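Quick caveat: nothing in here was measured; it's all calculated off a predicted structure. Sequence lines set the chain letters: A, B, ... in the order given, protein chains first and strands last, and positions in each chain run from 1.
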4 protein chains.
Amino acid sequence: MAASEIPSLSKVGADCKPGRGRPRSEHSHEAILDAVLRLLEAEGYDALTIEGVARQAGVGKQTIYRWWKCKAELVLEAYANHAASKTPVPDRGSLRADLEAFLGVAFKRLTDISGPIMRGLMADAVHDDEFREVLVSAFVAKRHDALRQIFQRGMERGEVDLAADIDLACELILGPLWYRLLLQQGKLDARFARQLTTALLAIVCVRADSSCERIEPVAVRA
Amino acid sequence: MAASEIPSLSKVGADCKPGRGRPRSEHSHEAILDAVLRLLEAEGYDALTIEGVARQAGVGKQTIYRWWKCKAELVLEAYANHAASKTPVPDRGSLRADLEAFLGVAFKRLTDISGPIMRGLMADAVHDDEFREVLVSAFVAKRHDALRQIFQRGMERGEVDLAADIDLACELILGPLWYRLLLQQGKLDARFARQLTTALLAIVCVRADSSCERIEPVAVRA
Amino acid sequence: MAASEIPSLSKVGADCKPGRGRPRSEHSHEAILDAVLRLLEAEGYDALTIEGVARQAGVGKQTIYRWWKCKAELVLEAYANHAASKTPVPDRGSLRADLEAFLGVAFKRLTDISGPIMRGLMADAVHDDEFREVLVSAFVAKRHDALRQIFQRGMERGEVDLAADIDLACELILGPLWYRLLLQQGKLDARFARQLTTALLAIVCVRADSSCERIEPVAVRA
Amino acid sequence: MAASEIPSLSKVGADCKPGRGRPRSEHSHEAILDAVLRLLEAEGYDALTIEGVARQAGVGKQTIYRWWKCKAELVLEAYANHAASKTPVPDRGSLRADLEAFLGVAFKRLTDISGPIMRGLMADAVHDDEFREVLVSAFVAKRHDALRQIFQRGMERGEVDLAADIDLACELILGPLWYRLLLQQGKLDARFARQLTTALLAIVCVRADSSCERIEPVAVRA
DNA sequence: AAGTAAACGAGACGGTACGTCCTGTCTTCTT
DNA sequence: AAGAAGACAGGACGTACCGTCTCGTTTACTT
């Protein structure tokens, strides 16, 4: 996905008419996003304030409010620009391998850096419907689509039952993922990735033949 | 469930020594919880403030802070007292029936009343570690245990593979449940209950025999 | 009074060199002054803002700042153009009659329309030295001169003592006038006009003869 | 006038019920008024802001807003407490002497210190009706009354005509005083004090006898 | 009965951030 | 050049809650 595809979440959809008036200051734009990242790292999501960002960026508060609706959108753009949803989803030959690879990367990122940020964004999405839509369409949906692509590939390979409900399968992965992330009950580690993968294979794989069994006989069993 | 089972989350564990000084005013206690419920209904979780509760209850702010750490704990107690997590989990004869019944009740409540409240509590749990523990042990864990019990029963019936990871199975249900609840993407309806149930059966049920197939041939498939 | 006599307070003294570049837009000029009058009437002096005028006039802010230094100057010009300080000061035959006529007209205008505006201008003059000079020379001084003329006429008629300090007399009229206007303590009505007139006659009139007494026996006495 | 008579202009009339709740912090009260005086001196009336006072006093903004309606009331109290309207008005034997003494003191103070403050207060009084009332009753009226007292004494001495309108006389003094103060046109000096005094004597003094003439033959004449 | 001690209502306190408004300047394209 | 448009840094506004604090007032259980 080219960088230019996510040029800006700010003023979503407002594809800057070339029109009249002073054009948006790219310098301020960057200073703001920089400040956000710096403050996120230094103080954490909860301690981040619009006022603090303005101060740190040397920018008027209005300049922030002009382009973003709330702190969450600001963080989302800063973070998206930064770790710009690199979702390669390379073909590793089998559904199991693809899933484990996908989860491995996702878990890694959530454990290392973006975990606290994603938790903060999700919390804000809960009490701001407008932002929730943005978060879903700009972030969550992309992960869902990446997963979808993986299952689709599995289907093409003949691993996945043609009648399987792929969207449900995605939810069965993303749900537990967020559950652990938000409640901090249980690690997002390789073991969990393997467990989830195995469980999902048990659900979506073609039955009566050995395609699943072949890979691992007894799915989620300890 | 006897009232004494959830005597009070306030000042958790502080089982009111009979000691000296004026005893806690039960009148104020009730007035506060009443006010919380009234305000929750009238204005919603986000608009609820400690100050507002004190005002509505005709109570000093200190009296609230004396017994509860934050608004989330306050709401949790008010709500727990109210719709006091009655989770009977009656035996309906089969794992499928038990699961669907459980999810039916849970979805109903979340859709009708408690959805917004649970979402608010979860959001607060995200940025308050202390409360998160409370929420988990006082609420989430109970649901998990109820599910656990259902799967256990299935195991005793011979429906569930003895080697199945029941805790993982619980997460595979509660995860998607919260996922839909928090992101408001997709309904918590009977269809979803059936889909989840079927998927879980595919995972935990004994293989090579037809115990699963018998109930519904191709699990999550459309 | 011809329009050319108060051609513009804007860019005071800068009598638009015919020079190069686009000439000043008379259309914008008028739109701005119109907007000022409309807003003054609708919202009052205090609520008037440069930004609001620009919006209302469909004009860039810069176009206002290019020609006026502050909102007060803008208002002064709009108002001066409008009720263009028509001070005929016709000779009514006696000092008393002239003074009462002058005050009558002045009070009428201040009571009907221009009171709030003049109060606003005066308030601004207090914290803006530059504008204060403008206000004095463009407005206050004119009133002073008109009064001066009246007293002068009285002197020529022999009513006023040749040694009287006419400027002081003017202050003794304008001072109380503004005092009542600004503090809104006491009306600017015919009675006050008569009282002021009588008091001033007592001060400036030729003594020992009956020129004053003739007109009204006991000056300011109830 | 005892200091205790002007204990506080804040929350005017709210004579602090001894009642319930934490009592007002006298420490904060003083810190605020101190800060006001310090900032007034350092930066001037116009540069004074509620925010700045709060910062300087080490006090929450709300604590200021709780007791004062606006910056003007704050300044008025600070200033009143400080130079607490010491208006002795001692009897100097004659109306002329009393008036000149009164004006001398007033002019001195306005020239030295309080001039800019009084101008600022007056400007604010213009666009805040509520404060205007306060300013009038807490300050202007007192000056008026002091003058009234002087004229009254003159009346008792037989200097002032029993039918003279004393209130009008007061306006004829205070009007020109404020006029010069606000417009900064002409000094508030001994000469002006003498001129005003002489003019007033011409108005209110008993005619036909020489009580006025005796003091100075030709009143306001140059 | 007097004393002690905690809980209570009230509400003031120092803080912090909010989101809005306006100022005066600037930068662009258009006329 | 002047103009319309509108973004920019800055700064104060007045509000809302936070969590803490200090009052005077109950309301028990000691002594």
Side-chain angles (χ1 to χ4, degrees), chain A residues 17-25 27-29 31 47-52 54-55 57-67 69-71, chain B residues 16-25 27-29 47-52 54-55 57-67 69-71, chain C residues 17 19-25 27-29 31 47-52 54-55 57-67 69-71, chain D residues 16-25 27-29 31 47-52 54-55 57-67 69-71:
Chain A
K17 328 131 194 173
R20 300 195 283 190
R22 182 175 178 174
R24 176 172 188 179
S25 158
H27 175 268
S28 291
H29 190 171
L48 193 82
T49 64
I50 299 274
E51 214 149 58
R55 208 181 307 129
V59 138
K61 274 201 286 180
Q62 201 64 260
T63 300
I64 298 181
Y65 284 112
R66 192 176 296 119
W67 301 107
K69 288 225 179 70
C70 59
K71 129 183 173 180
Chain B
C16 290
K17 325 134 195 171
R20 301 218 285 173
R22 180 174 178 174
R24 176 171 188 180
S25 156
H27 175 268
S28 292
H29 190 171
L48 193 81
T49 64
I50 298 274
E51 219 152 54
R55 208 180 308 128
V59 138
K61 274 202 289 179
Q62 199 60 262
T63 301
I64 298 181
Y65 282 111
R66 207 187 329 270
W67 303 107
K69 287 220 179 74
C70 58
K71 130 182 171 179
Chain C
K17 327 133 194 171
R20 301 216 288 168
R22 180 175 176 174
R24 176 171 189 181
S25 156
H27 175 268
S28 292
H29 190 171
L48 193 81
T49 63
I50 299 274
E51 219 153 54
R55 206 180 310 129
V59 139
K61 275 202 289 179
Q62 199 61 261
T63 302
I64 299 181
Y65 281 112
R66 206 188 327 273
W67 302 107
K69 286 220 181 74
C70 59
K71 132 182 169 178
Chain D
C16 291
K17 329 133 193 172
R20 300 193 284 189
R22 181 174 178 173
R24 177 172 189 179
S25 157
H27 176 268
S28 292
H29 190 171
L48 193 81
T49 63
I50 299 273
E51 213 149 56
R55 207 180 308 128
V59 138
K61 274 201 286 181
Q62 202 63 258
T63 299
I64 298 182
Y65 284 112
R66 193 177 296 120
W67 302 107
K69 288 225 180 70
C70 58
K71 129 182 174 181

Q. Yes or no on side chain to side chain contact (heavy atoms under 4.5 Å, CB included) for Trp67(A) and Arg24(A), after CA distance, side-chain angles and deciding distance?
A. CA-CA 10 Å; Trp67(A) 301 107; Arg24(A) 176 172 188 179; 3.5 Å; yes
Q | Interatomic distance, Gln62(B) atom CD to Ile50(B) atom CD1 [nearest 0.5 angstrom] | A | 11.0 Å
Q) What is the distance, rounded to the nearest whole Å, between atom CD1 of Ile64(B) and atom P of dT20(F)? A) 13 Å
Q: Could you check how far CD1 of Ile50(C) sits from P of dC21(E), rounded to whole Å?
A: 18 Å
**Q.** First encountered from the 5' end of DNA chain F, between Lys71(B) and Glu51(A)
**A.** Glu51(A)
Q: Grab the NZ-P distance between Lys69(B) and dC18(F) for me, whole Å please.
A: 17 Å
Q: Might you point out which heavy atoms bring Ser25(B) and Ser28(B) nearest each other, and give the distance in Å?
A: OG-N, 2.9 Å
Q.
Between C1' on dG11(F) and CG on Leu48(D), what's the gap in Å once rounded to a whole number?
A. 15 Å
Q: Kindly indicate whether the side chain of Lys61(D) and the base of dG15(E) share any N or O donor-acceptor pair separated by less than 3.5 Å?
A: no
Q | Minimum heavy-atom distance Ala54(B)-Gly60(B), with the two atoms named | A | CB-C, 4.3 Å
Q: Quick one: closest heavy-atom pair of Ala31(C) and Ala57(C), and the distance?
A: O-CB, 3.5 Å
Q.
What is the separation between atom OH on Tyr65(D) and atom C1' on dG15(E), rounded to the nearest whole Å?
A. 15 Å
Q.
Treating primed atoms plus P, OP1 and OP2 as sugar-phosphate and everything else as base, which nucleotides of nucleotides 3-8 of chain E get B, S or - for protein heavy atoms under 4.0 Å?
A. -SBBBB
Q. Between His27(B) and Gly52(A), which is nearer to the 5' end of DNA chain E once each is assigned its nearest nucleotide?
A. His27(B)
Q: I would like to know whether Ile64(C) and Lys61(C) meet side chain to side chain contact (heavy atoms under 4.5 Å, CB included); could you show each step before the answer?
A: CA-CA 5 Å; Ile64(C) 299 181; Lys61(C) 275 202 289 179; 5.7 Å; no
